[in-house]
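The chain is numbered in sequence order, starting from 1.
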Amino acid sequence: MTAGGEYRVSVTKDYLVFSSAHFITFAGHRCEGLHGHNYRVRVTLDGIIEEESWFVFDFVELKRIMKRLCDEIDHLVLLPLESDRVKVVEEGDVVKVSVDGKPRYTFPRRDCALLPIPNTTVEMLAKYLAVRARRELEQAGGDAVELTSIEVEVEENFGQSATYRESLA
């Protein structure tokens with residue numbers, strides 16, 4: 001028997017979640033207030049069947065990777081480090097945040113996740129998690145894994161989500 005074709009595996013579990021605070025900036029110098037969501041994450045991998053094991057990627061390892069990534073940002077304030085409008089400065093044990101040059105927040109450093117994204121929108125969170133997951137998958141699978149794409153969906157509310165998809169081939 002040959003595997004043939006391309007396959008898709010997807011994982012979403014009740015523990016692939018993170019509860020975090022954030023705020024986003026909008027065009028026209030608008031900035032929303034600090035608030036939070038109970039985010040849910042789904043990851044999908046497309047790839048070629050590995051004919052020794054007959055799977056695309058080990059579900060156990062995929063769940064472990066995604067759980068660790070979700071846990072890293074769980075119960076933290078998500079702050080963008082690549083924003084033109086939001087400036088995040090670490091000063092000892094605190095993080096000071098200004099928007100459009102005006103002081104806005106001061107947080108304990110331990111309560112913050114400083115993310116390499118331009119805005120903490122659900123779209124950018126999906127991309128951030130996909131990029132991080134891709135790196136972890138490459139390390140976990142080595143050369144034996146033939147993944148052709150990764151897709152991460154982040155839901156910030158029931159029926160309200162964003163998906164980022166990246167071709168790996």
Find out whether [X] and [Y] are in side-chain contact, i.e. whether some heavy atom of one side chain is under 4.5 Å from a heavy atom of the other.
X	Y	value
Phe18	Leu129	yes
Glu90	Leu114	yes
Asn119	Thr25	yes
Val9	Phe55	no

Nearest 0.5 Å, what's the [atom1]-[atom2] distance between [X] and [Y]?
X	Y	atom1	atom2	value
Asn38	Phe158	CG	CZ	8.5 Å
Thr148	Asp46	OG1	CG	4.5 Å
Arg8	Leu45	CZ	CG	10.0 Å
Tyr39	Cys70	OH	SG	12.0 Å
Leu125	Ser161	CG	OG	12.5 Å
Glu166	Leu147	CD	CG	11.5 Å

Can you get from [X] to [Y] by hopping between Ile, Leu, Val, Met, Phe, Trp and Tyr side chains that sit under 4.5 Å apart?
X	Y	result
Val43	Val122	yes
Tyr7	Val11	yes
Val41	Leu69	yes

Please report the shortest heavy-atom distance between [X] and [Y], naming the atom on each side.
X	Y	result
Arg109	Gly92	CB-O, 4.5 Å
Ile150	Ala133	CD1-CB, 3.7 Å
Lys67	Leu16	N-CD2, 3.4 Å
Met124	Ile117	O-CG2, 4.0 Å
Tyr128	Pro116	CE1-CD, 3.7 Å
Arg104	Gly33	NH2-CA, 3.9 Å

Partners passing side chain to side chain contact (heavy atoms under 4.5 Å, CB included) against Glu151 (at least two apart in sequence or in another chain): Arg42, Thr44, Thr163, Arg165

Check: Tyr105 ring centroid to Phe23 ring centroid under 6.0 Å: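 Yes: the rings meet the under 6.0 Å criterion.
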
Using a 3.5 Å distance criterion without hydrogens, assess whether the side chain of [X] forms a donor-acceptor pair with backbone atoms of [Y].
X	Y	answer
Asp93	Pro108	no
Ser149	Leu168	no
Glu32	Ile24	yes
Thr106	Lys96	no
Ser98	Gly101	no
Arg132	Arg135	no

Candidates His37, Arg40, Glu155 - the one meeting side-chain contact (heavy atoms from CB on, under 4.5 Å) with Val17: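 Answer to the side-chain contact (heavy atoms from CB on, under 4.5 Å) test with Val17 among His37, Arg40, Glu155: Arg40.
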
Chi angles and distances behind the side-chain contact (heavy atoms from CB on, under 4.5 Å) call for Val94, Phe107: CA-CA 6 Å; Val94 299; Phe107 300 108; over 6 Å; no

Expected list for residues 57-64: side-chain donor-acceptor pairs under 3.5 angstrom, two or more places apart:
| from | atom 1 | to | atom 2 | distance (Å) |
| --- | --- | --- | --- | --- |
| Asp58 | OD1 | Val60 | N | 3.0 |
| Glu61 | OE1 | Arg64 | NH1 | 2.5 |

Derivation and outcome, side-chain contact (heavy atoms from CB on, under 4.5 Å), residues Arg68 and Glu72: CA-CA 6 Å; Arg68 186 172 65 251; Glu72 285 179 6; 4.2 Å; yes

Full working for side-chain contact (heavy atoms from CB on, under 4.5 Å) between Val89 and Glu91: CA-CA 6 Å; Val89 178; Glu91 293 182 4; 4.0 Å; yes

Distance-only criterion, 3.5 Å: show the donor-acceptor pairs between side-chain atoms of residues 73-83 and protein atoms not counting sequence neighbours.
| from | atom 1 | to | atom 2 | distance (Å) |
| --- | --- | --- | --- | --- |
| Asp74 | OD1 | Ser19 | N | 2.8 |
| Ser83 | OG | Arg85 | N | 3.0 |
| Ser83 | OG | Val86 | N | 2.9 |

Residues Glu138, Arg134: salt bridge by 4.0 Å N-O rule: yes

